[in-house]
2 protein chains.
Amino acid sequence: MSTRRATISDVAREAGVSPSTASVVFSGKTPVSDATRARVLEAASALGYTGPDPRAASLRRGRSGIVGVVFEEHLGTAFLDPVKTQMMDGLADAMAPLGAGLLLLRDRESVGTGATLMTAPLDAAVLVGCSGLLRESLDAVKARGIPVVVVEGDAGVGIPRIGLDNREAQRQAARHLRAHGHTRVAVAALPVRAGWTRGWIPDDADVTIDVTRERLQGARDVYPDAAAYAAAGSFIDEGLAAGREIFADAANRPTAVIAQSDLLAAGVIRAAEEAGLRVPEDVSITGFDGIVVDGLAPYELTTLVQPAADKGRAAGLAVTAMLDGGEAASITFTCVFRKGNTTAEAPLALSVEPGANGTAARPR
Amino acid sequence: MSTRRATISDVAREAGVSPSTASVVFSGKTPVSDATRARVLEAASALGYTGPDPRAASLRRGRSGIVGVVFEEHLGTAFLDPVKTQMMDGLADAMAPLGAGLLLLRDRESVGTGATLMTAPLDAAVLVGCSGLLRESLDAVKARGIPVVVVEGDAGVGIPRIGLDNREAQRQAARHLRAHGHTRVAVAALPVRAGWTRGWIPDDADVTIDVTRERLQGARDVYPDAAAYAAAGSFIDEGLAAGREIFADAANRPTAVIAQSDLLAAGVIRAAEEAGLRVPEDVSITGFDGIVVDGLAPYELTTLVQPAADKGRAAGLAVTAMLDGGEAASITFTCVFRKGNTTAEAPLALSVEPGANGTAARPR
DNA sequence: TTGTAAGCGTTATCAG
DNA sequence: CTGATAACGCTTACAA
């Protein structure tokens, strides 16, 4: 028990062969006579040797068989997000033939001795989202010479990017609302930056999370003055909180809310109900993502369906290509607009009400 | 570009210090004078050195900062299962203070050069489920001297086990049905073994997946002859397929179905509707897990709520303890029975119908 | 088909 | 506080 673990040299000695021969028996890289193989295997089991130490092998070969998947948020949180989940699904799919393991990593520096983007033995990395924080680590990884792919976020030139037409897609939703006569519109946004806590987005805010910024731009392409309340995350409860704020000023309610995710939209719907507003008669609400939201029936969100799994698959393929020494190109996926039953014509009474100024009033 | 990547020795030489000193600058294990540190850091950045190679460090230290999470199934599939997701959530939670990365692994030998339970540089492993297949790898890992914790499954003595009172819990559901007068009951089961394809479970079947076996035992503690149709996985569509089979023989329909997961139950409900049966008037259906099932409204499953996240957290704590050289004990969590609106009194007409023999007839 | 030898890049130990 | 030395355990040209 307290004795040192057997090494391949021990096995070789026991079997009466050289270390290299023993190594070859395990790796199968070179033909070995059946007799020798048998002898080595026997010696191995006699010594309780279960195969090469991955750490040593990894050092020697320069490959670990591990691909890092870096999230900006707490890992547990990432699993709660259906979009991320679908993305991982696609990614795992695409990595399967390569057989590489996926190492889940958080961007935030971990306290202990643990694995981080910089300290983990990675062959490649997939960055999910790309806040400023992440961007730092990115430079380090790039410098380390590890192939990197970024999903949802910009990582600078030379880094393949799996994107989404966030701005254009969100614009579609906004246009849909405008076509239905909505003039007073508010946005329920995703977080503005890492560590953001709920609140109205100030005019001068520096929106560092790309998804948030791009979707907001899309909304404002149509409603330039739309006020935006940013939640602390993509959750129903956060949407509820955002919705309460948005509907708080009864005199100046928007007739439509553009939520930046389906989960937020679900929360906003609840907030509307709480405020005694009917959806879509009194207020129209759009989502984003096209996931199935639990317990939202009988509502079906008007939303933008994004190909989340395809994004993951594309990331996996890009990684595979780069690992094979090739180049990987950036791809931008397109969302599909889907009309549900949460949007309708703007209520006439409101849209002609004096004081309506084209957008929801922005609270101070 | 084509030049070799800088090593710590290069940096040391450039800075005019010894490699060990340079190493210490990066690890911070030993005090270094500010002057030398500055010199080393400067040399490093001049050479584009971004820190110790994790592979080498890992070899030398004997720790990789990586904990493997091994699933029996295709990784993408694992993400689709809300129970697994919640479990991972809890696990990530518990690992956070330790800072270790979670490496997602599949049990099946991968084709390529990729990471497996045996070839990945792991400090510890968490096995989720434990089929026979997995049990093999387990021996290897144990032999490798890596701390192991098993969630849902038996791994033999000496291996901490995070369990669930599957049998007892399922028995509760069965007793609930019996108390409501049900005598003809069928089971919609989870897969019998890895690679299982849908079908009735033969009497002599060797049920190697523990969860399936234990829950089946619980059901049969009350309904010894209940026929069981095992799905190929925990999905609504699989439940639908199972339900169709179970309700196929109109003359000999069960009045209740015990599904081994909520997702299966949801599918069975759909099958019942398809067959023109009302739930719960004509047929009662129980689930297992206590997750929220999409689009199941207005049904609320009668089910057994399991503390999935707690299981993950417990696994994480056990791993942490073992990594600290301590011992970790096994824990068994308890499910809570929750009555929904999918179970009711057995329909009288059927339960006294001639030919009713106390259980659903078992097809050949 | 098998053996020899030279690292892979770090870090622990211990002496200065 | 700094430096020399010796592993860590394996792989892979290359030689035999």
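Proteins come first, then strands; the chains are lettered A, B, ... in the order of their sequence lines, and each starts at number 1. The structure presented is a predicted model; accordingly, all values stated were derived computationally and were not measured.
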Phosphate contact (D/dT2 OP1 or OP2) by B/Thr21 side-chain N/O below 4.0 Å: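 Negative; the distance criterion is not met.
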Side-chain-base donor-acceptor pair under 3.5 Å for B/Ser20 and C/dT11: no
Just how far, in rounded Å, is [atom2] of [N] from [atom1] of [X]?
| X | N | atom1 | atom2 | answer |
| --- | --- | --- | --- | --- |
| A/Asp53 | C/dG9 | CG | P | 17 Å |
| A/Ile8 | C/dC8 | CD1 | P | 19 Å |
| A/Arg13 | D/dG9 | CZ | C1' | 13 Å |
| A/Asp10 | D/dC8 | CG | P | 10 Å |

Out of [options], which has the shortest distance to the side chain of [X]?
| X | options | result |
| --- | --- | --- |
| B/Ala56 | D/dC10, C/dG3, C/dT10 | C/dT10 |
| B/Pro52 | C/dT10, D/dT11, D/dT12 | C/dT10 |
| B/Arg61 | C/dT10, D/dT11, C/dT11 | C/dT11 |
| A/Ser18 | D/dG3, D/dT11, C/dT4 | C/dT4 |
| B/Leu59 | C/dG3, C/dT10, D/dC8 | D/dC8 |

Closest-nucleotide ordering on DNA chain D, the 5'-leading residue of B/Val17 and B/Arg60: B/Val17
To the closest 0.5 Å, what do you measure between [atom1] ([X]) and [atom2] ([Y])?
| X | Y | atom1 | atom2 | answer |
| --- | --- | --- | --- | --- |
| A/Lys311 | A/Met88 | NZ | CE | 13.0 Å |
| B/Leu91 | B/Arg313 | CG | CZ | 10.0 Å |
| B/Tyr49 | B/Glu14 | OH | CD | 14.0 Å |
| A/Arg144 | B/Asp53 | CZ | CG | 7.0 Å |

Residues in contact with DNA chain C, drawn from residues 36-45 of chain B - heavy-atom cutoff 4.0 Å: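 Of all residues in residues 36-45 of chain B, none places a heavy atom under 4.0 Å from DNA chain C.
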Nucleic acid contacts - residues 22-35 of chain A versus DNA chain C, non-hydrogen atoms under 4.0 Å: A/Thr30, A/Pro31, A/Val32, A/Ser33
Terminal helix-axis angle for the helix from C/dT1-D/dA16 to C/dG16-D/dC1, with five pairs defining each axis and rounding to 10 degrees: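 Nearest ten degrees gives 30° for this helix.
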B/Phe26 vs B/Val24, side chain to side chain contact (heavy atoms under 4.5 Å, CB included): CA-CA, chis, key distance, verdict: CA-CA 5 Å; B/Phe26 286 100; B/Val24 156; over 6 Å; no
A/Arg161/A/Glu152 salt bridge by N-O under 4.0 Å criterion: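 No salt bridge links A/Glu152 with A/Arg161.
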Minimum heavy-atom distance between A/Pro121 and B/Arg55, given as atom pair plus value: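 Smallest heavy-atom distance, with atoms named: CB-CG, 4.1 Å.
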A/Val32 vs A/Val25, side chain to side chain contact (heavy atoms under 4.5 Å, CB included): CA-CA, chis, key distance, verdict: CA-CA 7 Å; A/Val32 183; A/Val25 167; 4.0 Å; yes
Test side chain to side chain contact (heavy atoms under 4.5 Å, CB included) applied to B/Val40 and B/Val17, step by step: CA-CA 8 Å; B/Val40 170; B/Val17 300; 3.9 Å; yes
Full working for side chain to side chain contact (heavy atoms under 4.5 Å, CB included) between A/Asp89 and A/Thr85: CA-CA 6 Å; A/Asp89 190 7; A/Thr85 289; 5.7 Å; no
A/Asp10 (side chain) donor-acceptor with A/Thr7 (main chain) under 3.5 angstrom: yes
Distance-only side-chain donor-acceptor flag, A/Ser20 / A/Ser23, under 3.5 Å: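 There is no such pair between these side chains.
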